[in-house]
Participant: 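Below is the structure I would like to discuss, written out as structure tokens.
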2 protein chains.
Amino acid sequence: MWCVETAAETRQERKARTRRAILAAALDIADEQSLAALSLRQVTREVGIVPTAFYRHFASVEQLGLALVDESFASLREMIRDVRRGNPELHGVIRGSVGVLVEHVHDQRAHFRFIGRERFGGVPAVRTAIRHELELFERELATDLARLSDLDAWTSEDLRVLANLIVNAMVSTAEGIISAPPEQPDAERAIIRTAEKQLRMIVVGAANWRSS
Amino acid sequence: MWCVETAAETRQERKARTRRAILAAALDIADEQSLAALSLRQVTREVGIVPTAFYRHFASVEQLGLALVDESFASLREMIRDVRRGNPELHGVIRGSVGVLVEHVHDQRAHFRFIGRERFGGVPAVRTAIRHELELFERELATDLARLSDLDAWTSEDLRVLANLIVNAMVSTAEGIISAPPEQPDAERAIIRTAEKQLRMIVVGAANWRSS
DNA sequence: CCTTTGAGTGAACAACCGTACACTCAAACC
DNA sequence: GGTTTGAGTGTACGGTTGTTCACTCAAAGG
């Protein structure tokens, strides 16, 4: 089982490497096509392996898609950890959160793109997986919100509704940034301003909301 | 040019009919696949014509997609007309608007599904066409909002931001209704409740917003 | 050291794809 | 009434797809 570490790759390292290569290639292709229109052969061609070798790693393209969902939401969770680190002052928390979002969208562009596209895309299993993950994410946000001083009297349903509103606004923001003309900072800055204003509007609404 | 009206179809009537049949078939197929993964042959097979006949009506599947975008937003504009007809009382306007939305989503289900799926789908031209239409829609809503008494002092930018927030929430609501388990009224009613609450939160936020 | 394992190979398949081209034949036109 | 037009036909083509099957051959294991 255990061998002395040699310079050459161990067998499972090698396998893990091509698996990651497949995921990367698929994500790369899915940036301009949708997952449903992506062919197994296209992926293996880009990886540099023969089509049939694909099955050593995934039973189908659908399974590949589910793995990509996992991968994407792992990086998303990393993002929310960064947000939690921010200072809890109101004005700062808004600008900071949007900033973290924008930053993560930039260097996890492919993941966000994938989620945005496949959320309502052609592969049902992937669709429901994303919906489920997004729901978990929303629930997490709701419990975070519950800890804020102004919102501790809210019902859990109202918190969920608020979290849903925020998540939707943020998802739209992310999708806007992704499909904005690349590296034209004006359009992007406008989107960021909009996002910040919307969050502030939502917060103002929340502050004046009396839970029924 | 002009002939006496006979029982048989005129030539252009016939052409228009198969064109509509193509659009309907494509919309039907796109309900479970995405447009990018839809084949010309699949469509013509469902219509009952030979593949090459497709080109008499559309130069490509992309053009078909753009036609579908037009068709879909035509019905959406019809919806907004219905909303304008509603009474302007605050509580009523929210419940009424959500009601109209839900109703239209139900009997234009395929159109809404198509827009939701292709908004970030695999065909760039269709994507940008939808984005453009949605932007027009948003602008219309902003001018509608400007007529409300509480909002007449707002800057046009703030109105656009507010309209964007509302449209995003409504789009999410529509997508939620579409992908809710069909004809299970509980899930759908929960979505409707959420949508109404979110609109109310946004309105509360707007009411307490001082335009900068 | 010999055996087992399993990631990757390579050829072959049936099915489907988009599109080119020459055609029919009834309605539209002069 | 003869001619033109154009929606729809039928065949055929080269290319891509998913999946099968028997295979190699180096690392892992006893």
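Chain naming here is simple, since letters A, B, ... match the order of the sequence lines and numbering starts at 1 in each. All values below were derived from every heavy atom in this structure, side-chain atoms included, with hydrogens, water molecules and symmetry-related copies excluded.
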Participant: Is a side-chain N or O of Arg14(A) found less than 3.5 angstrom from the main chain of Glu9(A), in a donor-acceptor match?
Facilitator: no
Participant: Less than 4.0 angstrom from a charged side-chain N to a carboxylate O is my criterion; do Glu135(A) and Arg139(A) meet it?
Facilitator: yes
Participant: Measure from CD on Gln42(B) to C1' on dA15(C) and round the result to the nearest Å.
Facilitator: 14 Å
Participant: Return the value, rounded to whole Å, for the distance between atom NZ of Lys15(A) and atom P of dA7(C).
Facilitator: 4 Å
Participant: When the distance from CZ of Arg20(B) to C1' of dA7(D) is rounded to whole Å, what number comes out?
Facilitator: 15 Å
Participant: Go through the steps for Thr18(A) and His57(A) under the test side-chain hydrogen bond (donor to acceptor under 3.5 Å, both in side chains), then give the verdict.
Facilitator: CA-CA 9 Å; Thr18(A) 61; His57(A) 302 273; 3.2 Å; yes
Participant: Return the value, rounded to whole Å, for the distance between atom CZ of Arg45(A) and atom P of dT16(D).
Facilitator: 7 Å
Participant: Can you identify which nucleotide, out of dG8(D), dG6(C), dG18(C), has its nearest atom closest to the Arg11(A) side chain?
Facilitator: dG6(C)
Participant: Nearest whole angstrom, please: distance from the C1' of dC25(D) to the CZ of Arg14(A).
Facilitator: 14 Å
Participant: Checking all strands, does Thr52(B) fall into the base, sugar-phosphate, or nothing category for heavy-atom contacts under 4.0 angstrom?
Facilitator: base
Participant: Please check this pair: side chain of Thr10(B) against backbone of Glu13(B), looking for a donor-acceptor N/O pair closer than 3.5 Å.
Facilitator: no
Participant: Hey, which of these two, Arg41(A) or Ser39(B), hits DNA chain C nearer its 5' end, going by closest nucleotide?
Facilitator: Arg41(A)
Participant: Find out whether Thr143(A) and Leu159(A) are in side-chain contact, i.e. whether some heavy atom of one side chain is under 4.5 Å from a heavy atom of the other.
Facilitator: no
Participant: Could you state the atom-to-atom distance from CD of Glu13(A) to C1' of dA28(D) in whole Å?
Facilitator: 14 Å
Participant: For the pair Arg84(B) and Glu140(B), find out whether any cationic side-chain nitrogen is under 4.0 Å from an anionic carboxylate oxygen.
Facilitator: yes
Participant: Within this structure, what is the CD1-to-C1' distance between Ile49(B) and dG10(D), rounded to whole angstrom?
Facilitator: 14 Å
Participant: Using salt bridge (Lys or Arg N to Asp or Glu O under 4.0 Å), reason through Glu118(B) and Arg113(B) one step at a time and then give a plain yes or no.
Facilitator: CA-CA 8 Å; Glu118(B) 300 304 325; Arg113(B) 175 96 117 184; over 6 Å; no
Participant: Going by an N to O cut-off under 4.0 Å, is there a salt bridge joining Arg131(B) and Glu138(B)?
Facilitator: no
Participant: Axis-to-axis angle across the helix from dC1(C)-dG30(D) to dC30(C)-dG1(D), five pairs an end, to 10 degrees?
Facilitator: 20°
Participant: Near DNA chain C, which residues from residues 53-69 of chain B have a heavy atom under 4.0 Å away?
Facilitator: Tyr55(B)
Participant: Round to a whole Å and report the spacing from CD of Gln33(A) to P of dT16(D).
Facilitator: 13 Å
Participant: For a quick check of understanding: with a heavy-atom distance under 4.0 Å over all strands, which category does Arg17(B) fall into, base, sugar-phosphate or nothing?
Facilitator: nothing
Participant: Closer than 3.5 angstrom, by distance alone: can the side chain of Arg127(B) be matched with the main-chain N or O of Gly121(B) as a donor-acceptor pair?
Facilitator: yes
Participant: Using a cut-off of strictly less than 4.0 Å, decide whether Thr18(A) has a side-chain nitrogen or oxygen near OP1 or OP2 of dA7(C).
Facilitator: no
